[in-house]
K.L.:
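Please find one structure pasted underneath; my questions will follow.
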Amino acid sequence: MKYRKKPVEIEAVQFDYEKWVYMRHTAYPMVNGDVAPDGGMMATNPVIKTLEGDMKVSDGDYIIKGVHGEFYPCKPDIFEETYEPSIGLPIDISKAKCISISTQELAEILGKPIKREIDKQSRRERRRKGFL
């Protein structure tokens, strides 16, 4: 039997080793390093604690946030074959059976004004000024 992966929107960030060394807690809080003798973290061997155990993260890998909030690394070639940029709609299409959205709501989502609404506004403005 064949199966197809469900369309799921994920969050991901590309790992930059140098950024991690200098800004580890703010840039990549999910990535840990080796423990130094004094109990602190050393800037070597970055790893992510995953559901399958610790996984090493290399420079250029993508760090993916899974559907249950877990993080895991993914090699760039696999990531680019598997994922594509999302169009950024704030609607979870994968869970919708039927999407009903007005043109006004869609325009607000996409950030573009509707020509008909602009025409109404300009007519009101001209009427107010006495031109219509």
K.L.:
Between Pro73 and Thr50, is any pair of side-chain heavy atoms under 4.5 Å apart?
P.N.:
yes
K.L.:
If you look only at distance, which donor and acceptor atoms sit under 3.5 Å apart when one is on a side chain in residues 52-60 and the other is two or more places apart or in another chain?
P.N.:
| unit_1 | atom_1 | unit_2 | atom_2 | d |
| --- | --- | --- | --- | --- |
| Ser58 | OG | Lys75 | NZ | 3.4 |
| Asp59 | OD1 | Tyr17 | N | 2.8 |

K.L.:
Quick one: does Pro76's side chain get under 4.5 Å of Asp61's, heavy atoms only?
P.N.:
yes
K.L.:
Atom CD of residue position Glu11 - does it have more than 12 heavy atoms of other residues, nucleotides or ligands inside 6.0 Å?
P.N.:
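Count not over threshold, so no.
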K.L.:
Can you name the side chain to side chain contact (heavy atoms under 4.5 Å, CB included) partners of Glu70, sequence neighbours left out?
P.N.:
Leu51, His68, Tyr72
K.L.:
So which pairs with a foot in residues 76-86 pass salt bridge (charged side-chain N to carboxylate O under 4.0 Å, His left out), sequence neighbours left out?
P.N.:
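Qualifying pairs, neighbours excluded: none.
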K.L.:
Sequence neighbours excluded, which residues qualify as ring pair (Phe, Tyr, Trp, His ring centres under 6.0 Å) partners of Tyr62?
P.N.:
Phe79
K.L.:
Any side-chain heavy atom of Ile48 within less than 4.5 Å of one from Tyr28?
P.N.:
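Heavy-atom side-chain distance check fails, nothing below 4.5 Å.
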K.L.:
How far does CD1 of Ile63 sit from CZ of Phe15, to the nearest 0.5 angstrom?
P.N.:
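Ile63 CD1 to Phe15 CZ: 6.0 Å, rounded to 0.5 Å.
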K.L.:
With side chains defined as the heavy atoms from C-beta onward, is the minimum distance between Ile64 and Phe71 less than 4.5 Å?
P.N.:
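Not touching, per the 4.5 Å side-chain cut-off.
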